[in-house]
Amino acid sequence: MNLMQTALVYLKGVGPERARLLKEELQLRTYQDLLHFFPNRYIDRSRFYQINKLPQNNAEIQIKGQITSVTYIQQKRGKRMIASFEDETGSIELVWFQGHKWIRDQLKINEAYIIFGRLNWFKGKVSMPHPELELERNFQKNLEISFYPIYPSSEKLINKGLSQKVTQKMVFQLLNLQTTPFSETLPSVLLNQYKLIPKDTAIRQIHFPANQQLLTRAQMRLKFEEFFYMQIQLLLKNQQRKQKIKGHNFKKVGKNFNDFFRHHLSFELTNSQKKVIKEIRIDLGTGRQMNRILQGDVGSGKTVVALLIMLIALDNDFQACLVAPTEILTQQHYQSLAEQLKKLNISVALLTGSSTKKERQVIHNGLKSGELNILIGTHAIFEDTVQFKRLGLAIIDEQHRFGVAQRAKLWRKNEVPPHVLVMTATPIPRTLAMSLYGDLDLSVINELPPGRKKIKTLHRNDSNRLKVFTFIKKQIALGRQVYIVYPLIQESSKLDYKDLMDGFESLSRSFPIPKYQISIIHGQMKSEDKTYEMERFVKGETQIMVATTVIEVGVNVPNASAIIIESAERFGLSQLHQLRGRVGRGADQSYCILMTGSKLSREAQTRMETMTRSDDGFEIAEVDLKLRGPGNIMGTQQSGILQFKIADLIKDQSILKAAREGALRILKQDSSLKDSDHQCIKRTLSELKFDSNIWNFIS
Ligand code: ADP
Ligand code: MG
């Protein structure tokens, strides 16, 4: 057996108790795990501070000196042990709250020590709680190590005596146990091309760096490796899927598509739209299942792409379905598609949670007989009772609202799975998309239809409210419509609900009937009431739509030219961007007004500034990623896929890009990894304990 697969309990100085702690606190089980347990920072061991020149912050530092006395102070909660530590320039107190006896027994008075720890400043006085101590004569012996690695730790570990020094010793021993070089995990072609240092050097240097330069190169090499193996796994998965999963072959583009394209499309497609339709058409004709994600900013025109692709399915005698996350959105899709397809003699139906039993029966029959061509609906479509005669294509709009498990369910409906196109306006940062969707094919619409004016975004606070109302009146006088959005973050929150209702009442006073008509939509309303209110707004019967975030995704009312977002500081960036996307859909100048209180946190301030500065969904998403970290984006935290040991999705984007390129190139040349230079990849892949969660999440 590989030495590195040995359980940590067998490492000298570990034993059962420590092995258990390492497993519980740090998920370290084997030698291999410990080897890949990387320091998160380093202390320069050649640098010492003098006590009269200590930094005025809580830095971690080293001091040379000696202990001159030890005293105890009785406190409310037990005793505190204090040692006075002196160098030739002054003195500092070392403090222990626990473990006095054991430590006291080892302390030597008036002998030269090196101490290391975090300073604690309190009312102009400095102390160092629970320092690490080493006699200077021992320290000298270990001086070939010039950087002191600091490993991630926990309070529990420290209290149980697993100090940095102990961890450091364990790793040191482990490195010495391995007498031959650690096997290389990257092919030489990549090492050469990206000037990466060998695995053996990297592993040894990351723990005990000889100098800063080698440390940097070790970090670079290990980050590359981590990204590389993530990418190669995703790409291999994609490759396998393409080989294995048969798909319907849509051989032709026929009457439906051509007819619609030539006679009923009321605008010219943008180049981006044409490009993605072409990409999708190619996929549909390969005889393998398409699994593609279509990314396009709000208002970029994804719906018409969906429509055209569905027509191709119909041209090949298949049925298609379009799934969206909210009833409002499905209704809107239904109305607009039914309207557009009337002339083509295509039958379209709508299925949602509030469809009646009778309606369902008609739909079920139509689907089974094949008379029904296109089904639009919410996740009700995924129910087992819904059976298609020949489902060839499933389009999922605004994907982030759906569990991917539901996507998978759809596949099981037929023997040969339908092609799947997932559309999303959530501008997933490129870097994240690369990691999350590495195994899906990606199409991007990166331009807006022509003639759109940039939405003017303003940040105002409550003292400007009257002016904002005057502005709304002006817009309405021009024949435009206005959204006013309230946060209802949790549908159950009474306070949020009250804000919404108070807001509605105050608006009703400032915008009295009959001159003004106001619609209201929120989550506690019945579905048919929502539909009714939405319809009044769409038809232009009401000028103001007061709503919660139910209108966040997809809703399309081109005549609406302004959106006022109340308590905007409570929304996340991507949500604000989505909301803003409700306006600017026609040719008129549109506005987005972010209303906040006057006191904002730094982060909220950044969000407001980003929104007023930028209308680029991708740029906004990158800022969001920086503010919140990848774990908070789209429920990725369950996926585990974004947890790296050393790489950082935000800071190391250029390395990720290089690693992905490298992985792509290798698989392009040698898709089954037969080349002798690629054997190390095969071996490493089989060694990697592969987290099956990744696949649950993605496909
Ligand atoms: P999203 O990508 O956010 O789903 P939609 O598909 O709702 O965007 O499109 C937004 C608006 O742009 C719709 O009113 C649609 O009719 C219009 N549209 C789409 N493509 C074009 C185009 N090529 N030229 C002009 N208008 C377009
Ligand atoms: Mg849409």
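Computed over heavy atoms, backbone and side chain alike; hydrogens, waters and symmetry mates excluded. First listed ligand is number 1; within each ligand, the first listed atom is number 1.
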Discussion item. Any nitrogen or oxygen of Pro558, side chain or backbone, less than 3.5 Å from one on ligand 1?
Written reply: no

Discussion item. At less than 4.0 angstrom from any non-hydrogen atom of Thr270, what atoms of ligand 1 do you find?
Written reply: 23 (N)

Worksheet item: Hey, does Gly296 sit under 4.0 Å from ligand 1 if you only count heavy atoms?
Response: no

Worksheet entry | Distance flag, aromatic centroids of Phe250 and His419, threshold under 6.0 Å | yes

Discussion item. List ligand 1 atoms under 4.0 Å from Leu269, heavy atoms only on the residue side.
Written reply: 23 (N)

Worksheet item: What atoms in ligand 1 come closer than 4.0 Å to a heavy atom of Thr303?
Response: 4 (O), 5 (P), 6 (O), 7 (O)

Worksheet item: Under 6.0 Å from the six-membered ring centre of Tyr483 and within 45° of its axis: does the NZ or CZ of Arg582 meet both?
Response: no

Worksheet item: Does Val298, backbone or side chain, put an N or O under 3.5 Å from an N or O of ligand 1?
Response: no

Fill in: Backbone of Ser590 reached by a side-chain donor or acceptor of Ser561 within 3.5 Å
no

Worksheet item: Under the 3.5 angstrom rule, does the side chain of Gln543 hit a backbone N or O of Gly540 as a donor-acceptor pair?
Response: no

Practice prompt. Determine, considering heavy atoms only, which of His333, Arg585, Gln273 sits nearest to atom 7 (O) of ligand 1.
Written response: Arg585

Discussion item. With no hydrogens and no angle check, just 3.5 Å: does a side-chain donor-acceptor pair link Gln331 and Thr531?
Written reply: yes

Worksheet item: Do the ring centers of Tyr591 and Phe471 come within less than 6.0 Å of each other?
Response: yes

Worksheet entry | 4.0 Å heavy-atom contact, Glu268 with ligand 1 | yes

Worksheet, complete the sentence: In ligand 1, the atoms that come under 4.0 Å of a heavy atom of Ser300 are 2 (O), 8 (O)

Discussion item. At less than 4.0 angstrom from any non-hydrogen atom of Arg452, what atoms of ligand 1 do you find?
Written reply: 10 (C), 11 (C), 12 (O), 17 (C)

Discussion item. Given the ring of Phe511, does Lys473 sit roughly above its face, with NZ or CZ under 6.0 Å from the centre of the six-membered ring and within 45° of the axis?
Written reply: yes

